[in-house]
There are 2 protein chains.
Amino acid sequence: MNHRLVFRLLGTISWLIGLTMAFSLPIAFADVGGQAEFESRGFYALIASIAICASVGLVLRAAGRSAPETLYRKEAMAIVGLSWVLSTILGAFPYFLGSVVYTSTAGAEVPMGVAESFFESQSGFSTTGATVLTDIENKRWVPRCILFWRSSTHFLGGLGIIVLFVAVLGQGSAGKALMRAEIPGPSKEGSHERMQHTALVFAAIYCGLNATLALLLRFEGMTWFEAICHAFGTMATGGFSTRNASLGGFESRAIEYTVIFFMILAGTNFALLYFTLIRKPGRLLGDPEWRTYIGVIVVCTMMVMAVGIWVTTDFNAQGNLSTQEEYETAFRDGLFQVVSTLTTTGYGTADFDLWNSFSRALLIVLMFVGGCAGSTGGGMKVIRHILFVKILRREVDRSYHPSVVRHIRLKGESLLDPDLPRNILVYFGLVALIFTLSSQVIVGIEPDSTWIKAGQPVSNKLIDTASAVAATMHNIGPGLGIVGSTQNYAPFTALPKLLFTFLMMLGRLELFAILVLVEPGFWRER
Amino acid sequence: MNHRLVFRLLGTISWLIGLTMAFSLPIAFADVGGQAEFESRGFYALIASIAICASVGLVLRAAGRSAPETLYRKEAMAIVGLSWVLSTILGAFPYFLGSVVYTSTAGAEVPMGVAESFFESQSGFSTTGATVLTDIENKRWVPRCILFWRSSTHFLGGLGIIVLFVAVLGQGSAGKALMRAEIPGPSKEGSHERMQHTALVFAAIYCGLNATLALLLRFEGMTWFEAICHAFGTMATGGFSTRNASLGGFESRAIEYTVIFFMILAGTNFALLYFTLIRKPGRLLGDPEWRTYIGVIVVCTMMVMAVGIWVTTDFNAQGNLSTQEEYETAFRDGLFQVVSTLTTTGYGTADFDLWNSFSRALLIVLMFVGGCAGSTGGGMKVIRHILFVKILRREVDRSYHPSVVRHIRLKGESLLDPDLPRNILVYFGLVALIFTLSSQVIVGIEPDSTWIKAGQPVSNKLIDTASAVAATMHNIGPGLGIVGSTQNYAPFTALPKLLFTFLMMLGRLELFAILVLVEPGFWRER
């Protein structure tokens with residue numbers, strides 16, 4: 001392993017994080033609550049954090065001086081995994097040094113500890129959007145400049161996924177087969193120039209969409225501060241808001257429909273967005289993954305609407321809406337929640353925890369689906385599910401017709417990569433194993449009293465915990481019950497918070513880049 | 001497809017079922033409740049059912065006259081699947097024709113309908129032990145002779161699995177690799193004589209263990225009727241009892257420890273039991289699957305005890321036990337429930353639904369593990385989990401070291417079957433898919449009012465349904481909440497009951513034999 005190269009690149013990432021922190025500094029002076037004031041606590045916390053990032057960067061780059069340029073597979077994996085670990089640690093300093101208050105017990109304000117700071121930092125970078133902060137509108141608890149840093153971690157995390165992970169590493173096993181032919185660029189597969197070109201194009205699309213959305217939200221009634229934070233949260237499929245009631249706090253249909261549209265874009269393969277921009281929309285409309293993605297949104301929204309209107313009264317609980325209003329609410333809330341969950345954004349406009357069991361179960365299932373490969377969306381990705389079903393179908397056929405080897409076909413072309421079926425199945429197996437083990441461990445170490453203190457029924461401990469594990473490992477954010485859309489992760493004790501932090505990182509990097517880091521053989525072998 | 005051969009063998013199975021029914025006839029005259037009486041309703045229902053079995057057998061054997069003897073893979077699969085479907089239908093007649101009362105609504109007795117009869121019949125043959133009967137101690141509701149038929153279906157189902165499935169078909173993908181070398185017999189692998197010999201040996205062990213257990217239970221205080229029914233329920237890993245409080249109704253430590261021991265035997269590979277009988281116990285003690293199986297029992301029992309004693313008061317809820325009594329109760333109840341769940345028997349001595357969330361979650365996880373391959377136990381089998389973890393481990397290594405192909409090793413020998421990893425992963429994938437889809441569908445079609453009527457909180461609908469799906473598809477029986485150990489499947493509406501019936505069959509035959517039956521290509525192609 002070429003350690004020095006790893007060090008040098010990690011040093012650059014430290015500097016990049018420090019640089020991004022600097023953009024939050026002006027907010028400390030800004031007029032954010034209708035009253036200009038200097039938030040000294042947040043300001044000095046950011047200054048100190050920037051100094052730390054700069055020093056760590058200096059040390060790492062010094063350690064990596066005159067490293068050879070060659071990047072092998074192992075170094076690439078190590079850099080991706082370690083850069084996420086490093087970002088989480090560095091990104092946690094503003095919360096920790098700023099003594100951000102996340103909750104209060106018996107009237108006393110509780111500042112964020114190490115576990116809370118890591119959690120919030122990782123939740124930002126992994127574009128999860130799960131939070132431990134119970135009152136983000138309280139400026140005395142959470143300085144505005146640190147709230148802006150919180151949303152900036154979404155932007156940086158989304159950029160990291162789109163550039164580092166998608167463009168440079170070919171975005172994991174699932175998308176690789178598809179993307180090889182799809183990635184835009186002047187030269188042949190795998191070449192350095194082509195990768196750089198792709199990364200630049202993707203980054204430009206990402207920044208452009210962020211700017212467009214911020215502009216739209218500004219004109220739809222948000223302040224610039226709110227508009228930029230929510231653009232960051234949407235395009236990264238993150239979900240951090242500036243309101244305690246999430247996006248629902250704005251009570252604006254225009255804003256909700258706008259965010260729905262941009263969430264759908266954020267969950268779309270960026271290569272397909274590129275083709276649409278260069279006036280080849282056929283590539284987007286004909287793409288099997290995107291068609292399935294849209295199909296899932298349409299079908300699930302219809303099911304949520306149908307059950308919520310005809311079987312229960314989820315969308316008219318007070319009984320004060322006309323039939324037309326109820327249908328519009330059902331459409332808007334249903335679509336919003338389905339898109340928010342599928343794209344793994346996690347914004348909320350309705351408390352879906354009050355919905356019927358069928359719709360809640362459906363949202364949990366959607367957490368396991370996720371966005372398209374090559375997007376900022378998390379989760380397992382739509383393409384993996386398409387291939388998963390095709391592979392299982394083929395294996396059932398094979399059980400009575402062993403001699404027939406049918407290739408998995410997608411869009412009429414057969415996928416010849418012989419490793420693809422195994423990779424897909426292994427991915428599903430790992431997800432099932434990690435999900436089950438993590439849920440079991442957290443049910444074991446988190447005491448029942450957490451539920452009692454949070455005013456939640458202890459009988460829901462199993463399902464709440466399972467939903468929290470799914471919501472973190474697939475980078476959604478909110479789950480059911482104690483971590484429901486109007487709740488947060490504050491009640492959990494430190495150890496489960498750290499486990500959730502690990503799960504967010506694991507899911508965001510599609511398991512392998514993190515799993516190898518905890519595998520002794522990875523570091524031992526050459 | 002050689003249809004006539006399929007018909008002929010199904011005809012034989014019809015006769016076998018009719019013959020077994022005849023063994024329940026004497027019970028109609030017996031002194032079962034301390035008072036001799038003739039249960040005419042049950043008697044005539046059995047006579048009519050036997051006549052139906054005989055006629056169906058006649059017709060099928062006539063249709064299959066002079067069929068060629070050759071049995072190809074497709075015919076074998078069709079026979080296994082269809083024989084289970086046929087058994088379920090024929091086995092349901094006594095319940096249906098006997099107008100067995102399964103519950104009462106508003107004081108009125110409700111006789112078993114088509115869905116209830118299929119459910120109870122399938123639950124017996126598949127050795128699941130899930131029931132719709134709410135009062136089996138009421139002789140007016142459930143005639144004793146039909147209750148004996150109910151337990152006989154366990155015996156027949158267990159025998160079917162051990163003989164047809166394990167010995168003849170080589171027990172599916174997972175065990176095959178192990179069993180090839182293990183199956184006892186005079187001649188070489190796959191030969192007709194060897195299969196016949198193996199089948200006979202296994203059947204003899206199975207019947208011998210049933211007789212031994214019945215004898216033991218008789219001397220530990222049960223009546224002959226109860227002893228035989230519980231021996232059938234234990235050795236088939238079924239779980240049908242003759243008491244409403246299941247095995248706990250006898251309140252006898254001797255009986256509980258005896259049943260624990262025999263459940264462990266029933267979940268053990270019968271080939272290993274054979275080697276132990278011929279004084280080669282080293283094969284049993286050195287077997288990696290059996291060692292893991294015992295290890296799981298020990299570790300899980302210890303965890304259930306530890307949490308139940310030190311964190312909660314699960315085993316001393318009334319606070320009236322001494323420390324020593326509490327430890328003994330914790331050991332006995334914990335071990336019983338772990339063994340009962342792991343072996344997929346489903347007998348109960350304690351209401352584990354009152355246990356803490358950790359222990360309940362652990363039992364749900366154990367439902368997905370199951371017994372050893374080559375046993376009467378259901379579930380996914382321990383060996384599949386061993387290989388699953390080994391395969392995932394190898395794939396994580398492979399992600400950074402693509403050139404290394406390590407063989408999966410078991411007991412020091414590498415398993416060279418190149419299809420094995422894929423088969424294991426496909427099995428896990430199918431289980432995950434079927435589990436998720438079925439839970440979602442049942443949450444959708446079963447109304448919330450079912451929970452309200454059963455006096456269960458609607459907020460538990462998701463977890464209860466998921467546990468019911470796991471408990472049926474892995475052939476355990478009881479689950480959580482509405483299908484908890486003191487409850488039953490009576491409250492469900494007809495459609496979910498039929499879906500549960502399908503799941504029991506699917507799980508029992510390890511998915512493929514049933515999945516191909518609903519695959520159009522299976523019937524179309526030559």
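Not measured: the values here are computed from a predicted model.
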What one should report as the nearest heavy-atom pair of B/Ser399 and A/Val516 is OG-CG1, 3.4 Å

Okay, B/Leu480 and chain A: the region with an atom under 4.5 Å from a heavy atom over there is side chain

Between the CD atom in A/Gln440 and the OG atom in B/Ser357, the distance rounded to the nearest 0.5 Å is 10.0 Å

Separation between CG (B/Leu425) and CD (A/Glu395), nearest 0.5 Å, reads 10.0 Å

Value for OG (B/Ser459) from CZ (A/Arg360), rounded to nearest 0.5 Å, stands at 8.0 Å

Requested in this report: Please say whether more than 12 non-hydrogen atoms of neighbouring residues, nucleotides or ligands are located less than 6.0 Å from CZ in A/Arg422.
Outcome: yes

The reported gap from CD in B/Glu446 to CZ in A/Phe358 (rounded to nearest 0.5 angstrom) is 14.0 Å

So, the part of A/Ala361 with a heavy atom under 4.5 Å from chain B: the answer is both

Interface check, chain B: of A/Phe368, A/Phe388, A/Phe428, most non-hydrogen pairs under 4.5 Å belong to A/Phe388

Turns out that what part of A/Thr436 lies under 4.5 Å from chain B's heavy atoms comes down to side chain

Ranked by heavy-atom pairs below 4.5 Å to chain A, first place among B/Leu430, B/Thr465, B/Val441 goes to B/Leu430

Whatever's closer than 4.5 Å to a heavy atom in chain B on A/Val307 counts as neither

Ranking A/Ile463, A/Val426, A/Leu515, A/Val443 by heavy-atom pairs under 4.5 Å to chain B gives rank one to A/Val426

Cut-off 4.5 Å, heavy atoms of chain B, and the answer for A/Leu433 is side chain

The reported gap from CG in A/Asp397 to CZ in B/Phe512 (rounded to nearest 0.5 angstrom) is 10.5 Å

If you tally heavy-atom pairs under 4.5 Å between each of B/Asn356, B/Leu362, B/Ile364 and chain A, the highest tally belongs to B/Leu362

Counting heavy-atom pairs under 4.5 Å with chain A, the top scorer among B/Ile442, B/Asn460, B/Ile445 is B/Asn460

